[in-house]
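It should be emphasised that the depicted structure is a prediction, and the values quoted were computed from it without experimental measurement. In what follows, chains carry the letters A, B, and so on, assigned in the order in which the sequence lines appear, proteins first and then strands, with residues in each chain numbered from 1.
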Protein chains: 2
Amino acid sequence: MQLRQSKHRTTAKNRKMKEGMRTRCESCIVRQFNALRAMGKEELKKVSDSKITKTVKKGETIFEEGEKLDGVFCVRSGVSKLSKLSENGKDQIVKLATKGEVIGQRSVIAEEFSNLSAKAVDDMEICFIPKDIITTTLNTNPNFGVEVLRHMAHDLKEADDVIVNMGQKTVKQRIAQAFLYLKSNFGEDKDGFLTLTLSREDIANVVGTATESCIRIISEFKKKGLLETSGKKVAIADEKGLEEVVEGF
Amino acid sequence: MQLRQSKHRTTAKNRKMKEGMRTRCESCIVRQFNALRAMGKEELKKVSDSKITKTVKKGETIFEEGEKLDGVFCVRSGVSKLSKLSENGKDQIVKLATKGEVIGQRSVIAEEFSNLSAKAVDDMEICFIPKDIITTTLNTNPNFGVEVLRHMAHDLKEADDVIVNMGQKTVKQRIAQAFLYLKSNFGEDKDGFLTLTLSREDIANVVGTATESCIRIISEFKKKGLLETSGKKVAIADEKGLEEVVEGF
DNA sequence: AGCCCAACATGACATTTATCATATTTTAGA
DNA sequence: TCTAAAATATGATAAATGTCATGTTGGGCT
């Protein structure tokens, strides 16, 4: 497991995020899923007035590891992968953030450079919210603080679960689990294919294995009738079977 | 990696924690390390009046996975391992909590059953703080909320780092790293042995490997002059060498 | 002091996973 | 539509890791 250079480091070039039309936060459905719902009327108005809605195309970077964040990003649509580069040059994807989730809040709250980078897996629509409003609301509105805390507590629990899986499950089990996760979190289209299509490399970087191993195991799952593929699209053919793989059969 | 039963599940029996003498929180040094320092005078007084100081002996359980917590525990001395049992019957140690750290707060804040169990690695002295005081303070004192948030943000970052290490480093690298961690976090005694002595099994459960593999790698490190042992005590003989192992040489 | 049990240790072997090489397919873009 | 590059696929092999067996040691206990 050594010295494979990451092939395409994202540069400042693919960073132009289109600034889009304004939508009022007050009427944004997405807000129900995150801590912004604990904000008062005036606070929300301030957010709405200072936020910037952006379009991010698939593959583009929202922010990079080590970068100073001046605010947080609220995901309106699409999916972002949060990853960290390890010394061997490979990315480890730590989390996939989707509609309603807020990213970058950990770094803003800790007042640190970001420990992760965020890239769009999909075409995305996101809102940038300057950190001032976040921090002043935190300092004045305890409800908001509690709500943010609850979300962070949830993230922490999920991270714990990932650690356990990484430590105790085989690569094969983790890959099976990853597909079940993709189904239950992002669903499938009318033809039964997973809505969110990740590249094999991304899947490998989620479960922490080599891309070739990942491909090989997917092939094995296909042979066993657990998965079906069409191009890079993947369909779960035998959910129960995959669950059994995860449990260790 | 299958079906190895966990040998000793802790029962209610080894749960009698001795209730000790009272020390005022206001003068507790340990408080400087955690979010309690953001509490006001009266809040702190309430904590001090309602807290219960307990002694926990090495090996005893503070709380178990799935248990409902009625408060948090503040570590005054000693070390606790926070772990989660995976389906294959092995524990994954997710975190070691030491002096000044507060455990159980995630579950109390999220109002969920604990996702982890906490056991004493050392003889410990801990203070139990009922959750009412925590939650009411959170609801009224924004400073406290922000402080808790900061600590949780820190935990989350650490969890991210663990995920990356589990995904991208070999067992050998992770074990080398674990010893460097033990040195930098718990120090060494006058003879150069690590202050905190973990069993080989615990180390294996930290890095997510089989106990035998862990022992084997420690033996290898001894042969290479990176470690020295005396009984179960371990000394770091070549710190630079271990660092090189972690980097991948 | 001596006994006993759990922890430590090591060998032999099976299995999993990574690595390198090389096709083949798919996709994005001219 | 065509083409080059990227992604997917697979083989061969080496290296890492797990598993089972068995032996050894050390520390707590009477």
K.L.:
Heavy atom of residues 213-226 of chain A under 4.0 Å from DNA chain D: which residues?
P.N.:
A:Ile215, A:Arg216, A:Ser219, A:Lys222
K.L.:
What's the CD-P distance between B:Gln168 and C:dT17, to the nearest Å?
P.N.:
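My rounded result for the distance is 15 Å.
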K.L.:
Tell me, do B:Ser80 and B:Ile103 make a side-chain contact under 4.5 Å, heavy atoms counted?
P.N.:
yes
K.L.:
Counting only N and O atoms by type, is there a donor-acceptor contact under 3.5 Å from the side chain of B:Thr170 to the main-chain atoms of B:Gln173?
P.N.:
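Yes, because the side chain of B:Thr170 sits within donor-acceptor range (under 3.5 Å) of the backbone of B:Gln173.
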K.L.:
According to side-chain contact (heavy atoms from CB on, under 4.5 Å), who are the partners of B:Lys95, at least two apart in sequence or on a separate chain?
P.N.:
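Scan of B:Lys95 (side-chain contact (heavy atoms from CB on, under 4.5 Å), adjacent residues dropped) gives B:Leu82, B:Glu101, B:Asp155, B:Glu158.
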K.L.:
In whole angstroms, how far is the C1' atom of C:dT17 from the CZ atom of B:Arg174?
P.N.:
13 Å
K.L.:
When you measure from the side-chain N and O atoms of B:Thr209 to the phosphate of D:dG18, is any distance below 4.0 Å, counting only OP1 and OP2?
P.N.:
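B:Thr209 to D:dG18 OP1/OP2: side-chain N or O found under 4.0 Å.
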K.L.:
side-chain contact (heavy atoms from CB on, under 4.5 Å) with A:Val171: which residues, sequence neighbours excluded?
P.N.:
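Applying side-chain contact (heavy atoms from CB on, under 4.5 Å) to A:Val171 gives A:Arg174, A:Ile175, A:Thr209, A:Ile217.
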K.L.:
For A:Phe128, does the six-membered ring have the charged nitrogen or CZ of A:Lys54 within the cation-pi criterion, i.e. under 6.0 angstrom from the centroid and within 45° of the normal?
P.N.:
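Satisfied, under 6.0 Å and within 45°.
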K.L.:
To the nearest Å, how far apart are A:Met166 CE and D:dT17 P?
P.N.:
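Atom CE in A:Met166 sits about 14 Å away from atom P in D:dT17.
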K.L.:
Taking the six-membered ring where the residue is Trp, are the ring centres of B:Phe221 and B:Phe179 under 6.0 Å apart?
P.N.:
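When the ring centroids of B:Phe221 and B:Phe179 are compared, they turn out to be at least 6.0 Å apart.
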K.L.:
Take atom NZ of B:Lys58 and atom P of C:dA6, then tell me their distance rounded to the nearest Å.
P.N.:
15 Å
K.L.:
Between C:dA7, D:dA9, C:dA18, which nucleotide gets closest to the side-chain atoms of A:Ala210?
P.N.:
C:dA18
K.L.:
Taking atom C1' of D:dA9 as reference, at what distance in whole Å does atom CG of A:Leu227 sit?
P.N.:
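In whole Å, D:dA9 C1' and A:Leu227 CG are 15 Å from each other.
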K.L.:
Check every atom of D:dT8, C:dA21, C:dA9 against the side chain of A:Glu212 and return the nucleotide holding the closest atom.
P.N.:
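Nearest to the side-chain atoms of A:Glu212, counting from C-beta on, is C:dA21.
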K.L.:
Find the distance A:Leu198:CG to D:dT8:P and express it as a whole number of Å.
P.N.:
10 Å
K.L.:
Distance check needed: D:dT25 C1' versus B:Lys233 NZ, whole Å only.
P.N.:
17 Å
K.L.:
With side chains defined as the heavy atoms from C-beta onward, is the minimum distance between B:Lys81 and B:Asp202 less than 4.5 Å?
P.N.:
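Yes - at least one pair of side-chain heavy atoms lies under 4.5 Å apart.
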K.L.:
Check the distance between C:dT17's P and B:Lys172's NZ and give it to me in whole angstrom.
P.N.:
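Distance check: B:Lys172 NZ to C:dT17 P gives 18 Å.
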